[in-house]
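Following: one structure in structure tokens, then a few remarks.
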Amino acid sequence: MLTDSSAYLRDTPATGRTVRVEEPAPGVRLLTLDREHRLNAMSGELIKDLHAALDGIAVDEGCRAVVLTGAGRAFCAGLDLHEPPARDAAPPAAEEDAARRRSPQAAMHVQQAIASLVPKLRNLPQPVIAAVNGPAAGGGFALALAADIRIAAASARFNAAFVKIGLSGCDIGVSWLLPRLIGAGPSHELLLTGRFVDAAEALRIGLVSRVTEDGAVVGAALETAALICANSPMGVWMTKEVAWSQLEVGSLQAGIDLENRTQIMTSYTRDQTEQITSFLERRPPEYTNS
């Protein structure tokens with residue numbers, strides 16, 4: 001994911017034009033990548049806008065779950081090779097400035113801006129559901145893998161496209177996330193070939209948890225979001241945090257120790273008492289996130 005300049009990402013503020021943020025249900029935020037004319041491929045503007053949207057959600061106490069999808073017939077086609085994220089039209093005579101923008105430092109700035117979207121999704125306190133409505137290639141594949149839950153439309157397709165453009169197939173966290181989802185052997189095959197996986201195969205190998213008809217995937221994701229929102233805010237937050245951390249814990253005992261401490265902490269919240277009380281009283285819980 002190399003490019004000749006980091007000026008756009010460094011100097012240009014987010015516009016909000018390429019990522020729509022909506023509230024389709026109480027507590028739920030729907031993020032839609034909105035460059036339909038380019039299959040929602042990653043331009044500098046989209047990368048900036050997605051960072052800004054995620055930063056806003058991270059501190060949004062009213063948000064309980066996030067659904068991430070794409071506008072039109074694609075989820076995200078990866079890096080926009082026609083409009084690279086760091087493209088910056090420098091005057092032809094400015095040779096020294098142009099050389100600086102083609103430097104390894106500039107390229108690394110861009111690489112990190114793109115790749116840091118993955119841990120940002122992971123580190124959100126709210127669960128993220130990827131409603132994959134069409135192709136998810138390269139960087140789009142990485143965004144889907146970084147979600148906590150993936151639901152695919154029948155027309156969804158996934159591939160680690162990086163090796164197809166002369167780069168390593170290991171990029172943007174994909175080579176860490178994918179083997180933990182589907183196993184090392186199948187993961188290596190997909191990384192080395194760059195081939196597409198259709199929705200049926202994705203379901204079979206455990207890459208997605210559900211496949212819907214085209215046009216129904218966002219609705220299915222919202223149903224899952226509603227099930228999440230029925231649980232206490234702290235309980236959901238700690239479930240996401242511990243579940244991800246367990247992928248890096250080195251032993252069963254260390255994992256159990258982490259669970260033990262988290263359970264004791266959540267047992268002292270008012271919402272945990274409210275969830276039990278509402279169950280016994282056969283009424284919906286009223287959470288206060290306290």
Side-chain angles (χ1 to χ4, degrees), residues 1-24 28-63 65-91 94 97-98 100-102 105-126 128-144 146-147 161 171-173 218 221:
M1 195 166 290
L2 304 177
T3 184
D4 64 353
S5 167
S6 62
Y8 188 97
L9 291 176
R10 185 183 64 240
D11 302 330
T12 307
T15 66
R17 293 179 300 200
T18 64
V19 177
R20 298 199 313 268
V21 183
E22 301 167 278
E23 186 175 0
V28 180
R29 303 295 179 266
L30 173 62
L31 299 188
T32 304
L33 308 180
D34 195 11
R35 297 187 74 232
E36 184 175 351
H37 65 293
R38 297 295 307 154
L39 300 181
N40 306 313
M42 291 180 172
S43 63
E45 186 177 22
L46 186 143
I47 293 164
K48 277 273 191 179
D49 286 349
L50 186 53
H51 271 293
L54 296 176
D55 288 342
I57 284 172
V59 295
D60 182 355
E61 294 186 358
C63 178
V66 180
V67 174
L68 177 64
T69 194
R73 62 187 181 89
F75 180 74
C76 175
L79 181 68
D80 192 334
L81 298 178
H82 295 281
E83 298 179 40
R87 178 168 293 177
D88 182 40
D97 191 43
R100 177 182 58 79
R101 287 192 305 275
R102 289 193 297 268
Q105 294 91 330
M108 181 59 79
H109 181 94
V110 174
Q111 177 74 22
Q112 290 180 339
I114 299 168
S116 61
L117 287 168
V118 169
K120 185 166 285 189
L121 281 164
R122 170 181 168 173
N123 291 329
L124 284 180
Q126 306 92 340
V128 178
I129 306 159
V132 185
N133 55 307
F141 187 33
L143 294 180
D171 197 12
I172 324 180
V218 171

TODO: Output the distance between atom NZ (Lys120) and atom CG (Asn123), rounded to the nearest 0.5 Å.
DONE: 10.0 Å
Open item on the list: Please check this pair: side chain of Asp34 against backbone of Val19, looking for a donor-acceptor N/O pair closer than 3.5 Å.
Closed with: no
Task: Minimum-distance pair of heavy atoms, taken over all atoms of Val67 and Ala221 - done: CG1-CB, 3.7 Å
- [ ] Please name the pair of heavy atoms, one in Ala115 and one in Ile172, separated by the smallest distance, quoted to 0.1 Å.
- [x] CA-CG2, 3.6 Å
Open item on the list: Minimum heavy-atom separation for Ile47 and Ala113, please, with both atom names.
Closed with: CG2-O, 4.0 Å
Task: Audit row: Leu143, Leu50, side chain to side chain contact (heavy atoms under 4.5 Å, CB included) steps and yes/no - done: CA-CA 11 Å; Leu143 294 180; Leu50 186 53; 4.0 Å; yes
Open item on the list: Pairing donors with acceptors under 3.5 angstrom, does anything connect the side chains of Thr18 and Asp49?
Closed with: yes
Task: Side-chain heavy-atom pair Thr32, Val218 within 4.5 angstrom cut-off - done: no
Open item on the list: Tell me if a side-chain donor or acceptor on Asp60 pairs with a main-chain N or O of Gly56 at a distance below 3.5 Å.
Closed with: no
Open item on the list: Show the nearest heavy-atom pair for residues Gly140 and Met42, with the distance to one decimal.
Closed with: N-CE, 4.3 Å
- [ ] Output all residues satisfying salt bridge (charged side-chain N to carboxylate O under 4.0 Å, His left out) with Glu22, sequence neighbours left out; order by chain, then residue number.
- [x] Arg20
Open item on the list: Rounded at 0.5 Å granularity, tell me how far CG in Leu30 sits from CD1 in Ile129.
Closed with: 10.5 Å
Open item on the list: Give me the atom names and distance for the closest heavy-atom approach of Phe75 to Ala136.
Closed with: CD2-CB, 3.7 Å
- [ ] Verify, without hydrogens or angle tests, whether His51 (side chain) and Ser116 (backbone) share a donor-acceptor contact under 3.5 angstrom.
- [x] no
Open item on the list: Please find the pair of heavy atoms, one from Pro125 and one from Ala58, that lie closest to each other, and give the distance.
Closed with: CG-O, 4.0 Å
Task: N/O donor-acceptor pair under 3.5 Å between Asn133 side chain and Gly72 backbone - done: yes
TODO: Check whether any side-chain N or O of Asn40 sits under 3.5 Å from a backbone N or O of Ala74 as a donor-acceptor pair, and report yes or no.
DONE: yes
Task: Any side-chain heavy-atom pair of Arg35 and Ser43 under 4.5 Å - done: yes
- [ ] First locate atom CZ of Arg29, then atom CD1 of Ile57, and finally report the distance between them rounded to the nearest 0.5 Å.
- [x] 7.5 Å
- [ ] State, with a plain yes or no, whether a side-chain heavy atom of Leu54 is found less than 4.5 Å away from one of Leu31.
- [x] yes
